Amino acid sequence: MYNVKSLKAEEFISHEEILATLSYAKENKNNIKLINQILEKAKLRQGLSHREASVLLACSDEEKNQEIFKLAEQIKKDFYGNRIVLFAPLYLSNYCVNGCVYCPYHYENKHIARKKLTQEEIRREVIALQDMGHKRLVIETGEDPLNSPIEYVLESIKTIYSIKHKNGAIRRVNVNIAATTVDNYRKLREAEIGTYILFQETYNKTSYEKLHPTGPKHHYAYHTEAMDRAMEGGLDDVGLGVLFGLEGYDYEFAGLLMHAEHLEAAFGVGPHTISVPRIRRADDIDPDAFDNGIDDEIFAKIVACIRIAVPYTGMIVSTRESQVCREKVLKLGVSQISGGSKTSVGGYVEEEPEDARSEQFDISDTRTLDQIVSWLMESGYIPSFCTACYREGRTGDRFMSLLKSGQIQNCCDPNALMTLKEYLLDYASEETKAIGEKLIEREVPNVPKEKVREIVYKNLKEIEEGNRDFRF
Ligand code: SF4
Ligand code: SF4
């Protein structure tokens, strides 16, 4: 019998199907009747197929494009309200045995400073992150079985969760490490990680093999099937992403959605998040050397079309993007952003000397977390440090059914306000605090259910009295 779980990478990301999708999208980019039908379907908020979404992405009719942006904005509002979840990356090690040509951590780069944090250094980094106000991290390492084996990653996660400094705690550790075995994914599950994130970089196999000439990452199928193994290992919150700029953006867009469709078909749950990084300048990397760079306009269209195609999937934009660009895509669909980030190993504690730098890429949005929190509030958003779901067992299909029924809002809205309150009391500058207190005063009466509203008032009071022992 046909078993979708046994499909191989080149079957669920079929090159022929992507090419057929791209020519279908091109043929129909001005087919107003078809575009209208797709938009009507999208309004049901149950998503679109990769073919349908690709037609919207290709659409060149100005009026229809405005409708696409408007619909994305509306879907964003319906599913995510005005909350924006905040997180920071934590680089543990930049030793890497792979040869990725777009990343300065590639093995051939002999002049970048190579660093690996000890558990004591991780402690110091985490305290610095807690002192900024972060509750949610994503840990990053290069792939190196000797320097950063799974045991090192697991020990580091344990260290991170164990640190309670003042009122601080990291309540959710998401993990971005190289594709690995089902057994290792099981171990990550047991270590209580949040989301397992792995970027595909590019879905085009031929390009993938050229861009990854050496090292274990060279194997397209092993990399592309990683999320299947992660799911098999019990990690049901997985995060997809491509690195825009490596291949044609329309190819990557179709591949990304086909990957999401595959996970949904095989495991009953699509990706928890999709990240949309664009290639950035770094130590020995010049983004202009890649032919497929995309401008801000196309980038915004991609974000809008992803929002429409997979309304239930969170979308992440990092500090690779500028303030202006982030402002634009927040409106169109992005639900999580990083803030106050360092992309070097050990960068939260120490400024690196010019001749020993270890960043993975240059940051574009260099503002502090406090500045970002303040900016979000002034732009009409509620910054959220909520991490409740995985600790409450709301992962995978359980999470998705709450999201699809709209019930998750009963958790997200109050948790955003309560975690913001914690942030304001413990970490915010006086100016940010003043803006935030007004926001909380204004927003709490809008919490729809009376019973939930009462709980929020009670918890806010307890937070003021010093209680930080809440499950959000
Ligand atoms: Fe290593 Fe990842 Fe950089 Fe590739 S992208 S060189 S695997 S750290
Ligand atoms: Fe995210 Fe769950 Fe918190 Fe909502 S309640 S913000 S979905 S962790």
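The structure displayed is predicted, hence computed values, not measured ones. Counting starts at 1 for both ligands and their atoms, following the listed order.
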Atom indices of ligand 1 within 4.0 angstrom of [X] heavy atoms, with elements:
X    : value
H106 : 6 (S)
C100 : 4 (Fe), 5 (S), 6 (S), 7 (S)
C96  : 1 (Fe), 6 (S), 7 (S), 8 (S)
N98  : 7 (S)
G142 : 8 (S)

Any N/O/S atom, backbone or side chain, of C389 lying under 2.8 Å from atom 2 (Fe) of ligand 2? yes
Heavy atoms only, cut-off 4.0 Å: how does K217 contact ligand 1, side chain, backbone, both, or neither? side chain
At a 4.0 Å threshold, what atoms of ligand 2 neighbour a non-hydrogen atom of [X]?
X    : result
C386 : 3 (Fe), 5 (S), 6 (S), 8 (S)
C411 : 5 (S)
A388 : 8 (S)

Counting only heavy atoms not in [X], do more than 12 sit closer than 6.0 Å to its [atom1] atom?
X    : atom1 : value
K187 : NZ    : yes
K342 : NZ    : no
E392 : CD    : yes
K164 : NZ    : yes
K110 : NZ    : yes

R326 versus I372: any side-chain heavy-atom pair under 4.5 Å? yes
Of the backbone atoms (N, CA, C, O) and the side-chain heavy atoms from C-beta on, which set of R394 has a member under 4.0 Å from an atom of ligand 2: side chain, backbone, both, or neither? side chain
Logged contact type for F399 with ligand 2, heavy-atom cut-off 4.0 Å, is side chain
Quick one: look up the protein heavy atom nearest [atom] and list residue, atom name and how far away it is.
atom                    : answer
atom 1 (Fe) of ligand 2 : R136 NH2, 4.2 Å
atom 3 (Fe) of ligand 1 : C103 SG, 2.3 Å
atom 4 (Fe) of ligand 2 : C412 SG, 2.3 Å

Flag this pair as yes if the NZ/CZ of K404 is under 6.0 angstrom from the six-membered ring centre of Y312 and inside a 45 degree cone about the axis; otherwise no. yes
When you measure from the centre of the six-membered ring of Y152, is the NZ or CZ of K116 under 6.0 Å away and within 45° of the axis? yes
Return yes if a side-chain donor-acceptor contact under 3.5 Å exists between D365 and Q323, otherwise no. no
Can D131 and H165 be counted as having a side-chain donor-acceptor contact under 3.5 angstrom? yes
